[in-house]
Amino acid sequence: MLLLPTILTACRATADLGETTWALVAYGPADAPIAAEAPAWIHFDDNGRMGGYTGCNGIFGHYSAADGRIDIRDDELAYNTQDCGPASAEGRQDAFFRAYLGDTDYTQTADRLVLALDDGRQVAEFRLEEEE
């Protein structure tokens, strides 16, 4: 019985983003974002797991989301280790996400998700992908 409030709190903490998939639209400096150059996406499960694709490598970890803030559990995301080629579109996106994706603020509308990374200096904007 003592665990029930903790479990319910964890479920509520992901409700904002749970079971949604978002396709990357733009990323980079907040004052001059770069249009997505390669297909990339991020998915949030109701159970606190997240995964995605940077355009080159897979990404996965655990998160909680509440009050406009995403927190990465244990401050750790895992990535595949494919060499993307730093000069390629895929490599630039991969390097961006490795450098900046972590605990972050977010704003969400019906079809857009904007992550404010690195104290708002960097952003990543996503479009909601409809479930098929």
Side-chain angles (χ1 to χ4, degrees):
M1 286 299 239
L2 294 176
L3 291 178
L4 188 57
T6 302
I7 292 170
L8 291 176
T9 300
C11 291
R12 278 196 305 269
T14 64
D16 288 349
L17 295 173
E19 296 308 319
T20 58
T21 301
W22 304 88
L24 183 66
V25 173
Y27 69 100
D31 59 348
I34 302 161
E37 302 166 290
W41 52 270
I42 194 165
H43 176 83
F44 298 96
D45 287 334
D46 277 338
N47 62 8
R49 289 188 214 153
M50 63 179 289
Y53 182 67
T54 67
C56 179
N57 280 298
I59 181 174
F60 49 95
H62 293 86
Y63 79 101
S64 62
D67 300 323
R69 180 104 181 129
I70 298 171
D71 293 308
I72 305 301
R73 191 172 348 158
D74 300 324
D75 293 322
E76 187 173 298
L77 290 173
Y79 291 83
N80 294 96
T81 57
Q82 180 174 325
D83 182 13
C84 308
S88 70
E90 295 86 354
R92 287 188 297 270
Q93 284 179 193
D94 189 72
F96 175 83
F97 282 105
R98 286 177 186 266
Y100 296 110
L101 188 61
D103 296 342
T104 183
D105 293 326
Y106 74 95
T107 55
Q108 179 182 358
T109 64
D111 65 345
R112 294 289 176 172
L113 174 68
V114 176
L115 305 181
L117 309 167
D118 190 29
D119 294 329
R121 292 185 298 256
Q122 303 289 322
V123 297
E125 181 180 351
F126 297 84
R127 175 189 75 249
L128 181 65
E129 291 288 291
E130 296 298 324
E131 297 294 323
E132 296 181 20

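Predicted model, so just to flag it, every value in this text is computed and none were measured.
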**Q.** Spatial distance of atom CG (Leu117) from atom OG1 (Thr104) [nearest 0.5 Å]
**A.** 4.0 Å
Q) Are Val114 and Leu101 joined in one hydrophobic group, where the rule is that I, L, V, M, F, W and Y side chains link up if heavy atoms are under 4.5 Å apart? A) no
Q: Treat each ILVMFWY residue as a node, draw an edge where side-chain heavy atoms are under 4.5 Å apart, and state whether Ile59 and Tyr27 are in one component.
A: yes
(Q) Nearest 0.5 angstrom please: Arg127 CZ to Leu113 CG, how far? (A) 12.5 Å
Q | CG-CZ distance between Asp103 and Arg73, expressed to the nearest 0.5 angstrom | A | 12.5 Å
Q | Rounded distance [0.5 Å steps], OG in Ser64 versus CZ in Arg69 | A | 9.5 Å
Q | Val123 to Ala30 - nearest heavy-atom pair and separation | A | CG1-CB, 3.8 Å
Q | Main-chain N/O of Thr54 paired to Gln93 side chain as donor or acceptor, under 3.5 Å | A | yes
Q. Are any of the side-chain heavy atoms of Asp94 and Gln82 separated by less than 4.5 Å?
A. no
Q) Is the closest side-chain heavy-atom distance between Gln122 and Pro29 below 4.5 Å? A) yes
(Q) Quick check: closest heavy atoms across Trp22 and Gln108, and the distance to 0.1 Å? (A) CZ2-NE2, 3.7 Å
(Q) Donor-acceptor pair, distance only, cut-off 3.5 Å: does the side chain of Glu125 make one with the backbone of Ala26? (A) no
Q: Spell out, yes or no, whether Leu115 and Phe60 are grouped together once hydrophobic residues are joined by side-chain heavy atoms under 4.5 Å, including indirect joins.
A: no
(Q) Can you give me the closest heavy-atom contact between Glu90 and Ala38, atom names plus distance? (A) CG-CB, 3.8 Å
**Q.** Any donor-acceptor pair under 3.5 Å from His43 side chain to Thr20 backbone
**A.** yes
Q.
So, taking the atom named CD1 in Ile70 and the one named OH in Tyr106, what distance separates them when rounded to the nearest 0.5 Å?
A. 6.0 Å
Q. Quick one: does Asn47's side chain have a donor or acceptor within less than 3.5 Å of a partner on Arg49's backbone?
A. yes
Q: Using the rule that two of Ile, Leu, Val, Met, Phe, Trp, Tyr join whenever any of their side-chain heavy atoms come within less than 4.5 Å, decide whether Val25 and Ile34 are in one cluster.
A: no
Q. For the residue pair Gly55 and Ala40, what are the closest heavy atoms and their distance?
A. N-CB, 3.9 Å
Q.
Once rounded to the nearest 0.5 Å, what's the spacing between atom CD of Glu129 and atom CD1 of Ile42?
A. 13.0 Å
Q: Search all heavy atoms of Leu24 against all heavy atoms of Ala124 and return the closest pair with its distance.
A: CD1-CB, 4.4 Å
Q.
Name the residue from Asp45, Leu17, Asp71 that meets the side-chain contact (heavy atoms from CB on, under 4.5 Å) definition with Tyr63.
A. Leu17
Q. Can you get from Tyr53 to Leu128 by hopping between Ile, Leu, Val, Met, Phe, Trp and Tyr side chains that sit under 4.5 Å apart?
A. no
**Q.** Closest non-hydrogen atom pair between Ser88 and Cys84, with its separation
**A.** OG-O, 2.7 Å
Q. So Phe126 and Phe97, would you call those rings parallel, tilted or perpendicular, with 30° and 60° as cut-offs?
A. tilted
